[in-house]
Participant: 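First, the structure itself, so that you have it in front of you.
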Amino acid sequence: MPPTTSSLPTVVHTPTTSRHWWTLATVGLAQLMVVLDSTVVNIALPSAQADLGFTNAERQWIITAYSLAFGSLLLLGGRVSDLIGRKRTFIIGLIGFAGASALGGAANTFGLLVGARALQGAFGALLAPTALAVLTTTFTIPKERARAFGVFGAIAGAGGAIGLLLGGVLTEYYSWRWSLYINVVIALIAVVGAIFFVTSVKRTGARPKLDIPGTLLVSGALFSLVYGFSNAETDGWDSPLTWGFLTAAGILLVAFVLWQRRAAHPLLPLSIVLDRNRGAAFISVLIAGAGMFGIFLFVTYYMQETLHYSPIQTGLGFLPMIAMLVLSAQLSTNIFLPRLGPKIMVPFGMTLGAIGMLYLTHLDQHSTYAADILPPLLILGFAMGSIMPASIQTATLGIDRSFAGVASATVNTSQQVGGSLGTALLNTLAATAAADYLASHLPPTPAVLTDAAVHSYSVAYLWGALFFAIGAINAALLFRRRRPLAVAESAAATGAATPEPAIAH
């Protein structure tokens with residue numbers, strides 16, 4: 001019989017000590033490294049291209065190689081952490097990520113840089129779900145868990161913007177290579193923290209086996225999905241390669257689900273994702289990821305290409321958004337979420353996100369930062385701080401320890417797929433809008449080209465607002481109307497019966 005997670009796990013309250021908070025600092029540092037690496041290299045790309053001499057067509061592979069390896073191996077990485085131990089997996093992931101980063105920083109050819117980025121993605125897929133699983137199994141007291149997830153959610157939301165700032169500083173004052181070397185420094189600090197503060201949990205019962213067929217099916221599906229979205233970004237949605245890979249992804253995902261229903265040791269027990277609350281949380285993370293990457297992508301384009309900000313100025317421009325996100329995450333997890341639950345908090349955040357994106361649509365080439373850019377960034381920061389911690393905490397609430405890694409990997413997969421989908425779809429819509437604008441405003445003078453770019457960004461913001469609006473409706477309909485989260489967590493922690501079990505039967 002396949003293993004089940006249908007019964008509510010009994011969790012022992014472990015008194016929170018200073019060691020736990022050092023564990024949070026270590027895990028947060030590792031998560032920050034993985035998240036910011038998705039954007040820190042972006043700003044360094046022009047310098048790397050000039051140094052190594054690769055073409056514009058080849059340039060996208062520096063990003064794609066990372067996202068393909070990361071996205072396709074996340075579920076495997078999460079399950080490996082369940083099988084061989086979280087501390088061991090965490091340290092292996094950190095050392096591997098540091099080694100791959102050093103290799104990329106020292107690369108003297110385009111091929112070596114692409115290979116190093118793929119290795120980064122592979123070790124990132126090992127590291128990211130393990131970091132969240134460590135957090136899930138370390139903090140069991142509801143109040144302390146809320147604080148920990150507030151910090152973790154803020155990092156998950158703000159890491160991309162921090163990457164833009166860090167990439168700008170390192171590239172402008174040092175070298176593009178330091179956008180990779182910096183990971184070595186961060187990883188070494190995190191390794192020391194992991195050795196001293198991350199605890200090893202002894203396994204009880206027989207060691208489960210790795211689901212090899214399920215791993216191959218889901219890894220192939222996720223690879224095809226991310227590659228299909230990436231190809232749509234470069235070759236368009238009418239490309240046969242785009243639809244070929246997306247179709248293959250759909251077929252493989254169906255095969256994966258069918259196999260999980262009969263596998264003796266399923267990679268991802270379906271009860272984890274079929275729970276109504278947890279499913280709503282995964283979808284919310286996906287939609288928020290799509291919107292978040294859209295914010296960073298097009299606001300960065302707008303600041304640098306239209307307002308002619310430097311990379312450092314652009315990164316600094318996002319700092320108030322990060323501050324608001326951190327504040328919102330703490331308010332949400334410590335005050336509002338325990339009282340109101342995700343059914344209120346996530347739709348509220350999604351609605352704010354839609355408002356913030358609509359606010360951005362009025363930007364033009366004469367807009368100013370203080371009056372026109374700062375207000376929507378603050379709104380969006382508060383929105384992301386309301387969505388991400390609540391969704392991540394709900395997605396991992398009540399998970400049996402033996403499946404914490406793979407459940408955490410599903411959270412990361414949702415954000416990764418959301419980012420890939422949002423980037424590809426919004427880029428395509430923006431490019432189409434710019435082409436249509438130019439066709440109707442001939443001749444293409446410099447002023448018309450600038451107006452076309454601004455118009456294309458506005459179209460992307462409008463679609464981003466639609467993403468968030470759909471997310472608000474989805475969250476309002478799918479999340480259960482239930483007891484406040486703190487009460488539910490207390491019941492889960494003591495093994496008490498609840499009207500809505502943490503994992504559905």
Side-chain angles (χ1 to χ4, degrees), residues 23 26-38 65-104 115-138 152 155-156 159 180 183-184 186-195 197-201 203 207-212 214-216 218-223 226 267-268 392 396 399 401-417 419:
T23 301
T26 302
V27 167
L29 198 60
Q31 175 68 7
L32 177 63
M33 180 179 68
V34 173
V35 175
L36 69 81
D37 211 69
S38 63
Y66 179 88
S67 61
L68 282 175
F70 184 67
S72 59
L73 296 175
L74 272 168
L75 283 179
L76 174 60
R79 194 60 181 139
V80 166
S81 77
D82 291 333
L83 297 178
I84 71 171
R86 308 227 157 77
K87 181 171 184 175
R88 183 185 303 173
T89 307
F90 190 66
I91 293 175
I92 291 172
L94 285 168
I95 294 173
F97 201 93
S101 299
L103 182 64
R117 288 287 288 165
L119 271 178
Q120 274 188 306
F123 283 107
L126 198 65
L127 185 58
T130 307
L132 182 53
V134 168
L135 198 68
T136 300
T137 54
T138 298
F152 192 87
I155 292 172
L180 293 164
N183 293 325
V184 179
I186 297 174
L188 288 178
I189 296 173
V191 166
V192 174
I195 291 172
F197 302 117
V198 175
T199 57
S200 298
V201 179
R203 177 180 303 280
R207 179 187 295 272
K209 297 179 181 178
L210 181 63
D211 177 14
I212 300 297
T215 298
L216 294 175
V218 78
S219 296
L222 291 172
F223 179 92
V226 174
L267 178 69
L268 176 61
I392 294 174
T396 55
I399 286 287
R401 282 179 179 268
S402 60
F403 293 102
V406 74
S408 302
T410 309
V411 175
N412 285 277
T413 301
S414 299
Q415 186 172 1
Q416 173 68 21
V417 171

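Note that the structure is predicted; figures quoted are calculated from it, not measured. If you read the sequence from its start, that first residue is 1, and numbering goes on from there. The figures here come from the full heavy-atom set of this structure, side chains too, leaving out hydrogens, waters and symmetry mates.
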Participant: Measuring only between side-chain heavy atoms, which start at C-beta, is F70 closer than 4.5 Å to V226?
Facilitator: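 With C-beta onward as the side chain, the pair stays apart.
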Participant: Which atoms form the tightest heavy-atom contact between A116 and A100, and what is the distance?
Facilitator: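 Smallest interatomic distance, heavy atoms only, reads CB-O, 3.6 Å.
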Participant: If you look at every heavy atom in A122 and A69, which pair is closest and at what distance?
Facilitator: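 What the structure gives for the nearest pair is N-CB, 3.7 Å.
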Participant: Quick check for you: to the nearest 0.5 Å, what is the distance between R117 atom CZ and L180 atom CG?
Facilitator: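 Reported to 0.5 Å precision, the distance equals 6.5 Å.
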Participant: About how many Å separate CG of L74 and CD of Q415, when rounded to the nearest 0.5 Å?
Facilitator: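 CG of L74 is found 10.0 Å from CD of Q415.
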Participant: Indicate the atoms forming the closest heavy-atom contact of F97 with G124, along with that distance.
Facilitator: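 Shortest heavy-atom contact: CD1-N, 3.7 Å.
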Participant: For the NZ atom of K87 and the OG1 atom of T23, what is their distance to the nearest 0.5 Å?
Facilitator: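 K87 NZ to T23 OG1: 9.0 Å, rounded to 0.5 Å.
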Participant: Do side-chain atoms of T89 reach the backbone of R86 as a donor and acceptor pair under 3.5 angstrom?
Facilitator: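 Answer holds: no.
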Participant: Roughly how far, to the nearest 0.5 Å, is the CD1 atom of I91 from the OG1 atom of T26?
Facilitator: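 Rounded to the nearest 0.5 Å, the OG1-CD1 separation comes to 10.0 Å.
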Participant: Does the side-chain contact (heavy atoms from CB on, under 4.5 Å) test come out yes or no for L76 and L210, once each step is laid out?
Facilitator: CA-CA 9 Å; L76 174 60; L210 181 63; 4.2 Å; yes
Participant: Which pair of heavy atoms, one from G77 and one from P129, lies closest together, and at what distance?
Facilitator: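 Minimum heavy-atom contact is C-CG, 4.1 Å.
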Participant: Determine yes or no for a side-chain-to-main-chain donor-acceptor pair under 3.5 angstrom, with S101 supplying the side chain and V184 the backbone.
Facilitator: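 A pair under 3.5 Å: no.
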Participant: Have a look at V218 and tell me which of L73, L267, D211, T413 forms a side chain to side chain contact (heavy atoms under 4.5 Å, CB included) with it.
Facilitator: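 Testing V218 for a side chain to side chain contact (heavy atoms under 4.5 Å, CB included) against L73, L267, D211, T413 leaves exactly one candidate, L267.
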Participant: Nearest 0.5 angstrom please: I95 CD1 to L127 CG, how far?
Facilitator: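 So the gap between those two atoms works out to 11.0 Å.
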Participant: Work out which heavy atom in A194 is nearest to a heavy atom in F90; give both atom names and the distance.
Facilitator: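 Smallest heavy-atom distance, with atoms named: CB-CD2, 3.6 Å.
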Participant: Calculate, to the nearest 0.5 Å, the distance between atoms CD1 and CG belonging to I189 and L29 respectively.
Facilitator: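 Result: 6.0 Å between the selected atoms.
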